[in-house]
Amino acid sequence: MNDRRDQTEFTQVAPVFEGFVLKALDQSQRAKARKAVTRVLGKGWVMRGFGDDETDFEVMRRSPKGTRRSVRRAWEKTYYAAERRCLRR
């Protein structure tokens, strides 16, 4: 058997955060969620629905170019939003 796994070199790169996923209580929370995203992350982020459920949203940078967030920074923003209850009624 010709196994080339031993000959393959792997380069590790630091993980890069690409986006958030939000689950709203109901469709009427869309505007509130959008405001919270802007308040917590700043401008330059877009929120759009995905999947079959109208309450599921993904939040991504408007442009793939520009400053990327580290995974650590993304978690910090998540905790910040949770502590301040940015997405609760």
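In this text the structure is predicted, and so the values were computed from the model without any measurement. Starting from 1, each residue takes its place in the sequence as its number.
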Can you list, pair by pair, the side-chain donor-acceptor contacts under 3.5 Å of residues 11-20, counting residues two or more places apart and other chains?
none

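Legend: residues meeting ring pair (Phe, Tyr, Trp, His ring centres under 6.0 Å) with F57, ordered by chain and number and at least two apart, are absent. In this structure, the side chain to side chain contact (heavy atoms under 4.5 Å, CB included) partners of E54, at least two apart in sequence or on a different chain, are Q27. W45 pairs by the ring pair (Phe, Tyr, Trp, His ring centres under 6.0 Å) definition with nothing, not counting sequence neighbours. Shown here are the side-chain hydrogen bond (donor to acceptor under 3.5 Å, both in side chains) partners of D56, two or more places apart in sequence or in another chain: K23. With sequence neighbours excluded, the residues satisfying side-chain hydrogen bond (donor to acceptor under 3.5 Å, both in side chains) with R73 are E76.
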Let me see the working for T55 and L25 under side chain to side chain contact (heavy atoms under 4.5 Å, CB included), right down to the final yes or no. CA-CA 7 Å; T55 60; L25 296 174; over 6 Å; no
With side chain to side chain contact (heavy atoms under 4.5 Å, CB included) as the criterion, how do L22 and V37 come out once you've worked through the C-alpha distance, each side chain's angles and the decisive distance to 0.1 Å? CA-CA 10 Å; L22 297 177; V37 166; 3.8 Å; yes
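To the nearest 0.5 Å, the span separating CZ on R34 from CZ on R39 amounts to 14.0 Å.
When hydrophobic clusters are built by joining Ile, Leu, Val, Met, Phe, Trp and Tyr residues whose side-chain heavy atoms come closer than 4.5 Å, directly or via intermediates, V21 is not grouped with L41.
Looking at heavy atoms from C-beta onward, D26 lies in side-chain contact with Q29 at the 4.5 angstrom threshold. Between M47 and M60 there is no side-chain heavy-atom pair separated by less than 4.5 Å.
Under the 3.5 Å distance criterion, the side-chain polar atoms of K43 are left unmatched by any main-chain donor or acceptor of T38.
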